[in-house]
Amino acid sequence: MTLRTRFAPSPTGFLHIGGARTALFCYLHTRRHQGAFVLRIEDTDTERSTQEAVAVILEGLNWLGLPPDEGPFFQSHHTARYLEVVQTLLATGHAYPCVCSRERLDAVREQQRTTGDKPRYDGHCREAHLTVAPGQPHVIRFKTPQEGEILWEDKIQGSIRIANGELDDLILVRSDGSPTYNLAVAVDDHDMGISLVIRGEDHISNTPRQIHVFKAMGWAVPEYGHMPLLHGSDGAKLSKRHGAVSVLQYREEGFLPSAVNNYLARLGWSHGEQEIFTMAELEQLFDVSALGRSAAIFDRAKLLWINGHHIRAATPEQLLPELAFQLARLGIDPAPSSEQLAAILPEFQPRAATLVEMAQKCRFLFIDSVLPYEEKAARKHLTPATRPALAALAAAFQALPAWTTTALEEAFQATLTAFGLTMGQLAQPVRVVLTGSGASPGIFETLGMLGREKSLHRLQEGLAHLDRQEQTTA
RNA sequence: GUCCCCAUCGUCUAGUGGCCUAGGACGCCGGCCUCUCACGCCGGUAACACGGGUUCGACUCCCGUUGGGGACGCCA
């Protein structure tokens, strides 16, 4: 029997980083075991589910590179089947109608809370054998066994046992006739032949309820693996408060999907002392049964480091669209050509932890003027004392027959010798004038990438700047 | 409150009774490289929550305490 897993998000919001991790683990585990990865949209809550959320979740999965083998399927399309199952449950005495009002339920819970009991349904209608009149508001509840316990070998958590006495009679069908989560999940997991349910550990308490439905229907119970949750820096379950935004936000921020996946996979899982993994490696190595059991805290600093690694390991061609995307966001117009970007990318790959950072660092190449200069850099390196050498260098460059690295180096060296300067004493002022900042790729690489025309223009611009400065201070 | 789960450097982790004077990675600090910034390299900082057992021997097994997390909806 082949492995079948499912990722089952509810479309009530975007796909955040925690959901992405669940999807990733399902996907990787399934790839490793050559199973089928099913995507199922849990939209039984018609009040809160939206089409936009579905679209954003799909887009997120697509960006991460976690395509489902089957689906997306929508639970809202399966309503008739859920209700059919409920009829069977009713007929076999595993379910019953309940006419308790919300007010009564609230009062019961309130009472239980004050007496220190676990808030739960008190079974008021359980043995009432009610026959509801047409139009009479009621829900259908599952008749949970009160004795015994549910025990399962969790793929991640080990054996978990929960006494049936801890459970109450959950609602299967709402008073508006719509099915609830626990019913829909059990029916779909069975109908879709899911053999391993991988989900967050916040679902542990739902598992015995779902297993009861399976048993009442005489279905084979799937295996379960409850993964530890992702926490924010305060140690609590990741939420919007922690900036748990859409995974697509990470694309905006210049992260590579391979890096995000790599980072996420290392949260709770390890393979020897290896830190960097390609998707292909993860698909081969990752196994949910090797997961740890304690929650992990999301650490952006490490994500940044991993992202830098993946940026360095990528080919310029792979990065090209991402960089173009970020440059466009910076308002670079016209957009540089692919050839242009591919040529400069290697210089910036080791210098950026994100594509956003990379775009900022190579921006100087695509704008008309880098004025005004970064203040600190200009103050430190662009002093009146540097003017003569700068002017001489500009003249020497001007006279160059060809804009080659060798020629540039020779002219540079000659200027150095003529003025008795060290490399740094001249390179830094030139760098500021060329890029507007005190940091850039090597000075000859920078000159080469900028090209003759822009370089010469910026040197003149720099000299003019120094002259202006002279006047204001004089 | 009740039930369930967890507990090694700040963070992610290795560790499955002796190989641990606890290893790696991120971060941080220092150094090297060097025209700047990165990258890279070298070094440093820093942890087995606590208390009982079990054992010749516990980070590793058991119990308890403490701490943290999750769940307790006509949400999923």
Side-chain angles (χ1 to χ4, degrees), chain A residues 8-12 42-45 47-49 75 98 100 102 105-106 109 112-121 137-141 154 157-158 160-163 165-168 170-176 178 180-182 184-185 199-208 226 228-229 231 233 235-237 263 266-276 292-306 308-309 312 347-353 357 361 377 381 412 416 422-432 435 437-444 446:
Chain A
S10 63
T12 52
E42 313 237 313
D43 54 354
T44 48
D45 184 351
E47 296 280 298
R48 300 195 298 164
S49 300
Q75 290 195 318
C98 164
C100 293
R102 295 178 204 241
L105 263 20
D106 289 343
R109 280 195 204 98
Q112 288 162 332
R113 254 180 235 281
T114 56
T115 56
D117 289 327
K118 187 172 189 166
R120 78 243 278 197
Y121 179 59
H138 69 286
V139 300
I140 306 293
R141 286 184 184 271
D154 197 276
Q157 305 282 340
I160 298 180
R161 63 175 62 208
I162 291 172
E166 289 298 324
L167 274 25
D168 65 358
L170 67 148
I171 290 175
L172 300 174
V173 181
R174 299 184 185 94
S175 50
D176 68 357
S178 66
T180 60
Y181 167 77
N182 278 299
V185 167
R199 66 202 340 182
E201 123 190 306
D202 51 342
H203 280 285
I204 285 178
S205 60
N206 287 320
T207 304
H226 290 91
L229 265 24
H231 286 182
S233 46
K237 185 176 166 182
Y263 175 70
R266 280 287 289 103
L267 256 30
W269 178 83
S270 65
H271 179 70
E273 295 191 333
Q274 187 172 348
E275 296 285 350
I276 302 299
R293 271 138 295 167
S294 51
I297 292 173
F298 187 84
D299 179 24
R300 193 183 170 89
K302 186 150 186 182
L303 205 211
L304 280 168
W305 175 76
I306 289 181
H309 236 284
R312 275 168 253 138
E347 283 301 330
F348 292 94
Q349 279 173 268
R351 293 183 164 80
E357 200 185 323
K361 286 188 170 166
H381 303 296
F412 206 95
L416 250 32
T422 64
M423 188 68 188
Q425 286 172 316
L426 186 56
Q428 279 307 89
V430 172
R431 176 168 280 116
V432 173
T435 71
S437 90
S440 85
I443 200 68
F444 301 114
T446 301

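Every value quoted in this text rests on a predicted model; they were computed, and no experiment measured them. Below, all heavy atoms of this structure are taken into account, side chains as well, without hydrogens, waters or symmetry copies. Below, chains carry the letters A, B, ... as their sequence lines are ordered, and counting in each starts from 1.
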- Message: Does the protein touch nucleotides 58-69 of chain B at the base, only the backbone, or not at all? Give it as B, S and - per nucleotide, heavy atoms under 4.0 Å.
- Response: -----------S

- Sugar-phosphate or base contact per nucleotide [nucleotides 38-49 of chain B; S, B, -; heavy atom under 4.0 Å]: SSS---------

What's [X] touching, base or sugar-phosphate or nothing? Going by heavy atoms closer than 4.0 Å.
X: T422(A); answer: nothing
X: D43(A); answer: nothing
X: G272(A); answer: nothing
X: P441(A); answer: base
X: R293(A); answer: sugar-phosphate
X: C98(A); answer: nothing

[atom1] atom, [N] versus [M]: distance in rounded Å?
N: G17(B); M: C32(B); atom1: C1'; answer: 43 Å
N: A46(B); M: C63(B); atom1: C1'; answer: 31 Å
N: G43(B); M: C50(B); atom1: P; answer: 30 Å
N: A7(B); M: C48(B); atom1: P; answer: 16 Å
N: C12(B); M: C35(B); atom1: P; answer: 41 Å
N: C33(B); M: G27(B); atom1: C1'; answer: 22 Å
N: U65(B); M: C4(B); atom1: P; answer: 13 Å
N: C28(B); M: C62(B); atom1: C1'; answer: 39 Å

Let's test this: given Watson-Crick or G-U wobble pairing with both distances under 3.5 Å, identify the partner of [N].
N: C56(B); value: G18(B)
N: C32(B); value: G40(B)
N: A76(B); value: none
N: C50(B); value: G64(B)
N: C3(B); value: G70(B)

- Name the orientation class of the two ring planes belonging to H309(A) and W305(A) (parallel below 30°, tilted from 30 to 60°, perpendicular beyond 60°).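 Ring orientation, 0 to 90° scale: perpendicular.
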
Between atom [atom1] of [X] and atom [atom2] of [Y], what is the distance when rounded to the nearest 0.5 Å?
X: K237(A); Y: D202(A); atom1: NZ; atom2: CG; result: 4.0 Å
X: L170(A); Y: R141(A); atom1: CG; atom2: CZ; result: 8.5 Å
X: R48(A); Y: T44(A); atom1: CZ; atom2: OG1; result: 10.0 Å

In whole Å, I'd like the distance from the [atom1] atom of [X] to the [atom2] atom of [N].
X: L304(A); N: C26(B); atom1: CG; atom2: P; answer: 13 Å
X: I204(A); N: C3(B); atom1: CD1; atom2: P; answer: 16 Å
X: R161(A); N: C4(B); atom1: CZ; atom2: P; answer: 10 Å
X: D154(A); N: A71(B); atom1: CG; atom2: P; answer: 16 Å
X: L267(A); N: C12(B); atom1: CG; atom2: P; answer: 7 Å
X: N182(A); N: C72(B); atom1: CG; atom2: P; answer: 10 Å
X: L426(A); N: C35(B); atom1: CG; atom2: P; answer: 13 Å
X: F348(A); N: C37(B); atom1: CZ; atom2: P; answer: 16 Å

From C-beta outward on [X], which listed nucleotide comes closest to its side chain: [options]?
X: S294(A); options: C3(B), C74(B), C6(B); value: C6(B)
X: I162(A); options: C35(B), U13(B), C4(B); value: C4(B)
X: S270(A); options: U13(B), C6(B), A76(B); value: U13(B)
X: L105(A); options: C4(B), C72(B), C74(B); value: C74(B)
X: E275(A); options: G70(B), G24(B), A76(B); value: G24(B)
X: D299(A); options: A76(B), C26(B), U2(B); value: C26(B)
X: E273(A); options: C12(B), G23(B), G1(B); value: G23(B)

- Those residues at least two apart in sequence (or on a different chain) that pass side chain to side chain contact (heavy atoms under 4.5 Å, CB included) with A377(A) are E374(A), V432(A)

Would [X] and [Y] count as having a side-chain donor-acceptor pair, cut-off 3.5 Å?
X: T446(A); Y: S440(A); result: yes
X: R431(A); Y: Q428(A); result: yes
X: R199(A); Y: T207(A); result: yes
X: D117(A); Y: T115(A); result: yes

- Looking at R351(A) and E357(A), does any basic side-chain N land under 4.0 Å from a carboxylate oxygen? no

- Task: By nearest nucleotide on RNA chain B, pick out whichever of K302(A) and S178(A) is the more 5' one.
- Result: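 Checking each residue's closest nucleotide, the 5'-ward one belongs to K302(A).
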
- Name the residue closer to the 5' end of RNA chain B, choosing between R431(A) and D202(A) according to the nucleotide with the nearest heavy atom.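 Residue closer to the 5' terminus by nearest nucleotide: R431(A).
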
- Under 4.0 angstrom between R109(A) side-chain N/O and C72(B) OP1 or OP2: no

- Item | base_contact_polar (C37(B) base, S440(A) side chain, donor-acceptor, <3.5 Å) |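 A donor-acceptor contact between them is absent.
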
- Is R293(A) atom CZ crowded by more than 12 heavy atoms from other residues, nucleotides or ligands, each under 6.0 Å away?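 Counting other residues, nucleotides and ligands, CZ of R293(A) stays at 12 neighbours or fewer.
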
- Determine yes or no for a side-chain-to-main-chain donor-acceptor pair under 3.5 angstrom, with Q112(A) supplying the side chain and R120(A) the backbone. yes

- Task: Test side-chain hydrogen bond (donor to acceptor under 3.5 Å, both in side chains) on N182(A) and T180(A) and set out the steps.
- Result: CA-CA 6 Å; N182(A) 278 299; T180(A) 60; 5.9 Å; no

